[in-house]
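As the structure is a prediction and not an experimental result, all values here were calculated from the model. This chain uses plain numbering: 1 for the first residue, then up along the sequence.
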Amino acid sequence: MSDAPFRPFESSLSRDDALYVLRAATQGADDGEVFLERRRSETLVFDDGRLKTASYDASEGFGLRAVRGDVTGYAHSTDISLPALRRAAETARLAVGDGGGTWADAPVATNRRLYTDADPIAGLAFPVKIDTLREIDAFVRDLDARVVQVSASLAASLQEVEILRPDGVQVRDVRPMTRVTISVIVEEQGRREQGSAGGGGRVGLDGLVDPTDWQGKAREALRIALVNLRAEPAPAGVMDVVLGPGWPGILLHEAVGHGLEGDFNRKGTSAFAGLMGQQVAAKGVTVLDDGTIPDRRGSISVDDEGTPSGRTMLIEDGVLVGYMQDRQNARLMGVAPTGNGRRESYAHAPMPRMTNTYMLGGEADPADLVAEVKDGIWAVGFGGGQVDITNGKFVFSCTEAYRVKNGKVGAPVKGATLIGDGATALKQVRGLGRDMALDPGMGTCGKQGQWVPVGVGQPSLLIGGLTVGGSAA
């Protein structure tokens, strides 16, 4: 596969022929498009003193969609050719039936660029990447004699898309993505613990391989591992919890964000369905989804339907004011699309998805929030979790947390889980810190089998009465 720019209407398919087939497939429909994509990715993993993985993947293909009402016809192929497009059109056309749809207006055009279009894979020589990983490994081992294993990875990808609509509108976007991840295992007196850190975004690898960047991530990974080394079993019970800024916003993303996506609310399956204009959170709580932040992992200049990304207010001062929408659900709900129509690849139809979802900060000093806790925990880092969209119930595991008694931070705790539901947790927010931060650029979100990069963020939060699961007697 060539490293030359992806230009399918110059190299593989006549634009006029594609437009003719697409118009025939969507005649009488409400909406539709051809989404063409090429994606290249490289991942290098240096583990336990040696290069463990060096992978390079490349793929390309198209997806053709025809939408009529709430029915979607979708077909895709790895073969970008006129015969393959015709076969896909025959399949997608089945959703249109006898027609009668009202054609939707095309997305508004934009020239906005939120990130570079340079190829992050080719932008840095392969030996430099290997040397960087080797340097990370040696650096971490020199920091502390208790380090027994180091794993470091560099990942880069470039997604190039072309979107062609039956009305002739054509949209192109080139999306880079990079990430560095460092994991450390330490051992003391037979006990082993792990810590990890990393970051990235829609940027080149140059900044991530700069020692001033990765050394900070390496120290953070080691710090977390050493904290866990002295952690005690977590308590259990209903107690006040202070969430740290930045990455703990993953709880907001999962427990609240998915419930504010348009499709779940149109179908009435979200815990927030039918609550537009009502108080769903404590006063002062404001939540947004913003795909327009330059260089962020979850940002997109345009979504996968060609709609420019937006800054969508979801909850304002505790009141539900908006949902995230793709074109289909927005039309069926009688509102405007918000630039949240996303898909994993050409093999998937778009659906409403988050970009960068975060809560705005307040006025409180974060230390004062912790000082208010009589008996609870301060949760700084999160790992995996599970959420039921229909009722917002969640279970999240903490990767770094501390016991708090009478306003004083005590020993770190291990094995803490937070249990509750998003709607209730929002109403129990008692304090918002002035330290709002976004995550370092590591998030990937799953929905109905599709995975897309996202960002999260929040300030320090004091939440009253969450259930903490732990193993302490």
Side-chain angles (χ1 to χ4, degrees), residues 1 3 5-6 35-45 53-61 112-126 128-129 132-133 152-163 171-182 196-210 213-214 217 247 250 253 289-304 309 339-348 350 353-358 438-447 450-457:
M1 187 175 292
D3 288 342
F6 180 57
F35 178 90
L36 304 104
E37 175 196 35
R38 181 176 72 175
R39 187 191 300 264
R40 290 176 287 126
S41 62
E42 178 185 72
T43 302
L44 306 175
V45 179
T53 302
S55 65
Y56 178 88
D57 296 306
S59 64
E60 65 178 35
R112 181 181 59 195
R113 294 290 305 160
L114 298 175
Y115 31 78
T116 179
D117 60 1
D119 184 351
I121 301 173
L124 197 66
F126 188 80
V128 174
K129 301 171 188 176
T132 298
L133 293 172
S153 66
L154 285 174
S157 67
L158 187 70
Q159 180 193 27
E160 301 166 89
V161 303
E162 293 268 4
I163 302 170
V171 179
R172 175 176 172 80
D173 197 19
V174 181
R175 304 165 178 169
M177 188 71 74
T178 57
R179 185 177 67 182
V180 61
T181 306
I182 303 171
S196 62
R202 295 198 182 277
V203 295
L205 278 173
D206 293 28
L208 297 182
V209 300
D210 188 322
D213 182 90
W214 61 253
K217 294 178 172 64
W247 180 246
I250 189 65
H253 167 102
D289 183 84
D290 189 355
T292 70
I293 309 172
D295 300 331
R296 294 298 304 179
R297 182 173 172 84
S299 296
I300 43 176
S301 295
V302 294
D303 71 7
D304 293 325
S309 61
N340 289 91
R342 306 187 66 189
R343 62 182 105 197
E344 179 178 331
S345 74
Y346 67 87
H348 305 84
R353 303 295 301 272
M354 285 173 273
T355 56
N356 303 297
T357 310
Y358 57 93
L438 297 172
D439 75 284
M442 302 283 286
T444 301
C445 172
K447 177 181 175 181
Q450 293 195 43
W451 295 87
V452 296
V454 296
V456 300

Closest non-hydrogen atoms of Gly291 and Leu114, given as atom of the first, atom of the second and distance, are O-CD1, 3.2 Å
Pairing of Asp304 and Arg353 as salt bridge, 4.0 angstrom limit: no
For a quick test of reading the model, state the closest non-hydrogen atom pair linking Ser299 to Ile293 and the distance between them. OG-O, 2.5 Å
Shortest non-hydrogen separation from Val180 to Leu208 and the atoms involved: N-CD1, 4.1 Å
To the nearest 0.5 angstrom, please state how far the OH atom of Tyr358 sits from the CG atom of Asp289. 8.5 Å
If only side-chain N and O atoms count, and only distance matters, is there a donor-acceptor pair under 3.5 Å linking Thr355 with Arg342? no
Rounded to the nearest 0.5 Å, how far apart are CH2 of Trp214 and CD1 of Ile182? 7.5 Å
Set of side chain to side chain contact (heavy atoms under 4.5 Å, CB included) partners for Asp210, sequence neighbours left out: Thr212
Do Arg113 and Asp173 touch side chain to side chain, with heavy atoms closer than 4.5 Å? yes
Please answer whether the main-chain N or O of Ser309 pairs with a side-chain N or O of Arg112 as donor and acceptor at a distance below 3.5 Å. yes
From CG (Leu124) to CG (Leu154), nearest 0.5 Å: 8.0 Å
Scanning both residues in full, the closest heavy-atom pair of Tyr115 with Val174 reads CE1-O, 3.2 Å
To the closest 0.5 Å, what do you measure between NE2 (His253) and CH2 (Trp247)? 8.5 Å
Check ion pair Arg343-Asp303 (N to O, under 4.0 angstrom): no
Would you check if Met177 and Ser41 make a side-chain contact, meaning some heavy-atom pair closer than 4.5 Å? no
Which heavy-atom pair separates Ala155 from Leu205 by the least distance, and what is that distance? O-CD2, 4.2 Å
Taking only residues at least two apart or on different chains, which pairs with a member in residues 153-162 satisfy side chain to side chain donor-acceptor pair (under 3.5 Å)? Glu37-Gln159, Arg38-Glu160, Gln159-Arg175, Glu162-Gln170, Glu162-Arg172
Student check: side-chain heavy atoms of Arg296 and Asp439 closer than 4.5 Å: yes
Candidates Ile250, Asn356, Leu438 - the one meeting side-chain contact (heavy atoms from CB on, under 4.5 Å) with Val456: Ile250
Stepwise side chain to side chain contact (heavy atoms under 4.5 Å, CB included) check, Lys447 with Met354: CA-CA 10 Å; Lys447 177 181 175 181; Met354 285 173 273; over 6 Å; no
Residue pair Thr357, Val454: steps toward the side chain to side chain contact (heavy atoms under 4.5 Å, CB included) verdict: CA-CA 8 Å; Thr357 310; Val454 296; over 6 Å; no
Could you pull out the closest heavy-atom pair between Ala156 and Thr178, with the gap in Å? CB-CG2, 4.0 Å
For the residue pair Ile300 and Arg202, establish whether any side-chain heavy-atom pair is separated by less than 4.5 Å. yes
Non-neighbouring partners of Glu42 that pass side chain to side chain donor-acceptor pair (under 3.5 Å), sequence neighbours left out: Lys129
Carefully, step by step, assess Arg40 and Asp119 under the rule salt bridge (charged side-chain N to carboxylate O under 4.0 Å, His left out). CA-CA 9 Å; Arg40 290 176 287 126; Asp119 184 351; 3.0 Å; yes
